[in-house]
Amino acid sequence: MDDGGINNMLFRSRPIWHIILICLVVAICEELLFRGAIQHGLGIYWTSILFAVIHVRYLKHWIPTGWVFLSSYGLGYIYVLTGTLWAPILCHFIIDLVSGLVIKYRRET
C-alpha cells in the first residue's frame, strides 16, 4: 500500500493512544461527511468514488485505490443496512486502527 510514506510518517513513531485518537477523529469526521451528508445526494457508488479520490496519495496505484473504494462502498452499505452512522464509524475506526498498528509494529526490511 505505497502512499509515498505518509502513513509511515503518521503512525510509525506515535504512541498507541495517539494512533487511537487519530483513528477515532478521522472515522467520525469522514463518516459524518461521506455517509451522513454526501451519500444522501450522490448514492453509495459516487460517494465511494469521491472518497477514493480524496485519498489522493493512493491514486498512483490501482490496488490501494480499489481497496479504498471497496472499503467506502462497504461502509456505505453498512450505513444503509443499519440506518445509523455509528456502525460505519465503528468499522472505519477498526480498519484505520488495525492498519495504523500494523504500520507501527511491522518490521522494516
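Quick note: residue numbers are just sequence positions, from 1. All values derive from a computational prediction rather than experimental measurement.
Residue Tyr77 shares its hydrophobic cluster (ILVMFWY side chains chained together at separations under 4.5 Å) with Leu81. When hydrophobic residues (I, L, V, M, F, W, Y) are linked wherever their side-chain heavy atoms come within less than 4.5 Å, Ile78 remains an isolated member.
Hydrophobic clustering (ILVMFWY, side-chain heavy atoms < 4.5 Å, transitive): Val26 and Met9 are in distinct clusters. Residues Phe51 and Leu42 fall within the same hydrophobic cluster, defined by Ile, Leu, Val, Met, Phe, Trp and Tyr side chains chained together at heavy-atom separations under 4.5 Å. Val80 is connected to Ile49 through a chain of hydrophobic side-chain contacts under 4.5 Å among Ile, Leu, Val, Met, Phe, Trp and Tyr, so both are in one cluster. Residues Val25 and Leu90 fall into different hydrophobic clusters, defined by Ile, Leu, Val, Met, Phe, Trp and Tyr side chains chained together at heavy-atom separations under 4.5 Å. Note on Val102: it clusters hydrophobically with Phe93, by side-chain heavy-atom contacts below 4.5 Å among ILVMFWY residues.
The side-chain hydrogen bond (donor to acceptor under 3.5 Å, both in side chains) test applied to Thr47 returns no partner, not counting sequence neighbours. In this structure Ser48 satisfies the side-chain contact (heavy atoms from CB on, under 4.5 Å) test together with Ile44, Phe69, Ser72, Tyr73, sequence neighbours excluded. Gln39 is linked by a side-chain hydrogen bond (donor to acceptor under 3.5 Å, both in side chains) to nothing, counting only residues two or more places apart in sequence or in another chain.
In this structure, the separation between CD1 on Ile89 and CG on Leu24 is 8.5 Å, given to the nearest 0.5 Å. With rounding to the nearest 0.5 angstrom, the SG atom of Cys23 is 11.5 Å from the CD1 atom of Ile28. For the atom pair CG of Leu33 and CD1 of Ile38, the computed distance is 4.0 Å after rounding to the nearest 0.5 Å.
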Taking distance alone, no hydrogens or angles, what donor-acceptor pairs closer than 3.5 Å link side-chain atoms of residues 11-22 to residues at least two apart or in another chain?
residue : atom : partner : partner atom : Å
Arg12   : NE   : Glu108  : OE2          : 3.4
Arg12   : NH1  : Ile103  : O            : 2.8
Arg12   : NH1  : Lys104  : O            : 3.0
Arg12   : NH1  : Arg106  : O            : 2.8
Arg12   : NH2  : Arg106  : O            : 3.1
Arg12   : NH2  : Glu108  : OE2          : 2.9
Arg14   : NE   : Leu10   : O            : 2.8

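For the salt bridge (Lys or Arg N to Asp or Glu O under 4.0 Å) condition, no pair includes a residue of residues 68-86, sequence neighbours left out. Residue pairs meeting the salt bridge (Lys or Arg N to Asp or Glu O under 4.0 Å) criterion with at least one member in residues 32-51, sequence neighbours excluded: Glu31-Arg35. The list of salt bridge (Lys or Arg N to Asp or Glu O under 4.0 Å) pairs with a residue in residues 62-88, not counting sequence neighbours, is empty.
Annotation: side chain of Ile54 is in contact with side chain of Phe34 (closest heavy-atom distance under 4.5 Å). The shortest distance between side-chain heavy atoms of Val68 and Pro64 does not fall below 4.5 Å.
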Please determine whether side-chain contact (heavy atoms from CB on, under 4.5 Å) holds for the pair His55 and Thr65, giving the CA-CA distance in whole Å, both sets of side-chain angles, and the decisive distance to 0.1 Å.
CA-CA 8 Å; His55 288 81; Thr65 300; over 6 Å; no
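Between Leu75 and Cys91, the closest heavy-atom pair is CD2-CB, 3.6 Å.
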